[in-house]
Amino acid sequence: MGLGLASGFSGMVQPAVSAELERRQRQVLLVWLAGGASQLETWDPKPRTDTGGPFRAIETSVPGVRISELLPLTAKQMHRMALVRCVNTKEDDHGKGYYLMHTGRREAPGQEYPHLGSLSAKYLTSEQNPLPGYIHIQPGGGGLSGHEAAFLGPKYGSLVLGNGLAPANTVRAGSLGDAGASEREALRHHLNDRFARRRRTAETDAYTTTYEQALQLMERRHVFDVTKEPARDLDRYGTHDFGRHCLLARRLLESGVTFVKVTHSNYDTHNENFDFHLEQVGELDQSFSALLDDLARSGRLQHTLVIIMSEFGRTPRINQLYGRDHWSAAWSIALAGAGIKPGVVVGRTNANGTAVADGQVHSGHLFHTYLHALGLDPSDTFEANGRAIQVADPSASPIKELLG
Amino acid sequence: MTALPEKTHVVKEFAHTSPLIACRFDPSGRYVFASAEDGTVRRWEMGTSKTGALAGHESWVFALALHPVGEVIITGGGDGQLIWWPASAEEPKPLRRIAAHQGWVRAVAVSPDGSIVASCGNDRVIRLWSFAEGTPLLELAGHEKPVYRLLFTPSGRTLISADLRGLVIEWDYRPGKEARRLDAGKLYQYNGGQGVDYGGVRDISLSRDLKYLACGGLIEASNPLGAVSNPAVVIFDWQTGQETRLLRPREDIKGVVWGLRFHPAGFLIAASGGTAGGFLWFWKPDQVNEFFKLVLPNTARHLDLHPDGDRIATAHHDGKLRVSLMAP
């Protein structure tokens, strides 16, 4: 391959589960709570303590497991979910925390690691799948984000659907008929092949792949049209942007996209944390609970790993602005679906949430766990720049309590 | 005594171990009450500094209202409850509890004749209750965002409510109808980049002569999640309903107006808090900038005016209830 890379990882799929993978494609839904959602207003409430804030805890469908009252609908789905209440990532910077949670590793000079979405696109997506392996739905702009794939090559980066809209320029010009389009495509192939014989690189591969994906996307543009979903589902998921984006995520998963990430923004609540979480978590609760319920009822949850996480949590201490600041020392994430034991709560924090009291884990443990849940071997290696690099941080291991 | 706002200074501090949220004097001026982040309401006797505690909510208390004759205080909490308490009892115990709202109770008001209690909250409705019986009387629906503030007009015939979006409604509440709407939407914004609603009417006050309605809050919120905004007050001509003035600090001082009261002499007192710290502002309703400001030792979260018209209570994040005197 170009760039001096020879991405190996050929043995990554565990033999014991490869047959299963052939029969049933693993998928991933990542719900990214941008800015750092508060664990105290979601998965690890501490009501009536000095750090607890004004919200109460409520019972869930798992006896004894209580979460924030801001998640009443999700509470009814808890028997399908697992909580990790003992995350200590020791990283309070947005950018570094983002990288850490997506790659399971700290940023290091001169070495980029692929995001989970890119790994999934490369190793869980059939070459015959006409859709991109990694699609990211987010507020704001869209496009391609090849850097997330690191040495896997940019074609495993994410296709970003800004504001949940279909990729730009995916409608063929009206002046171009079927015959003209075919002739143009044949000429492109001819020139492309001639160029590739002499100067093939990862970039030219990515260009070719992107172009072909674009053509396939043009034929499947309807996959991105959430308005084709029943009106009752639009209401059920919520009329806000996040509701529409979650419904689009369901549509993409049903269409066979391997890794779908939905970003909900913004949880960086240094100011008025409680009012903002009231609004944001209210949206999350409505849309996420509907999506999880649909995945479960359709049977898709059995082979779809669901992850809800942020770059970090928020301080137990409430500041003078009724805000909470960045806090990575003791926070929580939630999981569900493929390979994850439902109804499990791993670890705990102390009485007012200022420290992990039991079962501390970091992002490396989480990353190992995701890979295991997807039937991938975290100890397998890439070959990049002539070096063998283990897929997941060799100093970490999976969280066994979570794995079925 | 004639208040001299330019001479205002802090004369007393009452201390609690938890950050304070809201504060209120009783009608006699004997006590000052303040709610705190530990879920309690503290009571201090102004003359003796003797303390008392009202503990009964399962959440923070955002709303405090006293009956006009001062014997009962009604609190509204994040647990959706209203609780009636004996205001001056040695060890106050709840007299009545009502599950009043879904989610937080944001404000409580008692009618001037003491017969009706009004409450509002995150569920966007206003509910009226019999003070004597605690029974529900009426529900007023019209707001589409959480309702932040309530105020009975002095005649007791109408009720004013204000919400997150800056919508102000005057209710002719006995038939349960809207009398009119005012727009304080300058105090609200939706920040598309951060995906959040922000602002709203954080407090309201009617001038004693019924000439002005003041709505306090914030403007120019370039970064809601980072608390970058400026305190502001929208003034309406109460008779015509027309906005007459937007009051704001002379200097660029960041924060939010969390509480305001018209003084009987006609000027407006506001408390602001935020990244720039705590301030007391003194405005004339027909002048854009303040004629005096007092820098407070800590960010302010609410205020009330003593019945004597000379003293101001402010609730602070450092757990202090500060009393400022408008005199040398």
Side-chain angles (χ1 to χ4, degrees), chain A residues 33-38 41 45 47-58 68-70 72 94 138-141 163 240-243 245 263-284 314 316-326 352, chain B residues 17-19 21 35-40 55 57-62 77-80 102-106 122 145-146 148 164 190-200 202 218 221 223-229 254-256 258 273-278 298-301 316-319:
Chain A
L33 307 181
S38 169
E41 276 68 58
R48 309 195 78 170
T49 68
D50 61 331
T51 59
F55 296 115
R56 294 168 292 175
I58 54 171
S68 170
E69 67 173 322
L70 296 178
H94 283 295
Q138 69 167 14
N163 292 323
H240 38 77
D241 288 346
F242 185 62
H245 295 174
T263 290
H264 191 210
S265 181
N266 188 302
Y267 289 85
D268 192 19
T269 50
H270 297 279
N271 179 45
E272 301 193 22
N273 171 77
F274 307 104
D275 276 322
F276 289 130
H277 271 73
L278 183 70
E279 181 174 1
Q280 303 291 73
V281 181
E283 290 184 357
L284 170 70
R314 305 213 74 82
R317 178 183 175 275
I318 299 161
N319 69 26
Q320 63 163 352
L321 306 167
Y322 295 111
R324 296 190 192 270
D325 302 310
H326 302 177
N352 62 358
Chain B
T17 53
S18 175
I21 300 168
S35 60
E37 289 185 10
D38 62 6
T40 66
H57 282 279
E58 295 174 13
S59 174
W60 293 0
V61 172
F62 298 102
D79 53 6
Q102 281 291 110
W104 298 359
V105 176
R106 296 271 193 168
N122 289 346
K145 290 286 182 182
Y148 283 178
L164 166 60
Y190 177 76
N191 186 302
Q194 297 182 338
V196 294
D197 289 295
Y198 189 47
R202 303 299 174 93
L218 61 93
N223 178 5
L225 299 177
V228 182
S229 66
K254 300 300 178 193
V256 179
W258 285 103
T275 52
N298 184 253
T299 194
R301 291 174 157 186
H316 295 267
H317 173 259
D318 63 4

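Naming convention: chains lettered A, B, ... in sequence-line order (proteins, then strands); numbering from 1 in each chain. Keep in mind the model is a prediction, meaning the values are calculated, not measured.
In this structure, the separation between CG on Leu278(A) and CH2 on Trp104(B) is 6.0 Å, given to the nearest 0.5 Å. Between atom OG1 of residue Thr299(B) and atom CG of residue Leu321(A) there is a gap of 6.5 Å, rounded to the nearest 0.5 Å.
With a threshold of 4.5 angstrom between heavy atoms, Thr17(B) does not approach chain A through any atom at all. Looking at Ile21(B), both its backbone and its side chain come within 4.5 Å of chain A, counting heavy atoms on both sides. When heavy atoms are compared at a cutoff of 4.5 Å, Gln320(A) approaches chain B by way of both its backbone and its side chain. Heavy-atom distances place no part of Glu283(A) under 4.5 Å from chain B, backbone and side chain included. Within the 4.5 angstrom heavy-atom criterion, atoms from both the backbone and the side chain of Ile318(A) approach chain B. Asn191(B) does not touch chain A: none of its heavy atoms, backbone or side chain, sits under 4.5 Å away. In this structure, the portions of Asp197(B) lying under 4.5 Å from any heavy atom of chain A include both its backbone and its side chain. Both the backbone and the side chain of Tyr322(A) come within less than 4.5 Å of a heavy atom of chain B. Proximity to chain B is limited to the backbone of Asn319(A), based on heavy atoms less than 4.5 angstrom apart. Looking at Pro146(B), neither its backbone nor its side chain comes within 4.5 Å of chain A, counting heavy atoms on both sides. Interface remark: His316(B) contributes no atoms to any contact with chain A (heavy atom separation under 4.5 Å).
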Are Leu225(B) and Thr269(A) close enough, and set up right, to give a side-chain contact (heavy atoms from CB on, under 4.5 Å), and what steps lead you there?
CA-CA 5 Å; Leu225(B) 299 177; Thr269(A) 50; 3.9 Å; yes
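Annotation for Gly193(B) and Ser265(A): closest pair O-OG, 4.1 Å, computed over non-hydrogen atoms.
Counting only heavy atoms from C-beta outward, the side chains of Gln194(B) and Phe276(A) never approach each other to under 4.5 Å.
Listed options Asp79(B), Val61(B), Asn122(B) were ranked by heavy-atom pairs under 4.5 angstrom with chain A; first place goes to Asp79(B). Looking only at heavy-atom pairs under 4.5 Å with chain B, the residue among His270(A), Arg56(A), His240(A), Arg48(A) that has the most is Arg56(A).
At least one donor-acceptor pair under 3.5 Å links the side chain of Asn271(A) to the backbone N or O of Pro224(B).
Taking the six-membered ring where tryptophan is involved, the planes of Trp60(B) and Phe274(A) are perpendicular, since the angle between them exceeds 60° and thus also 30°.
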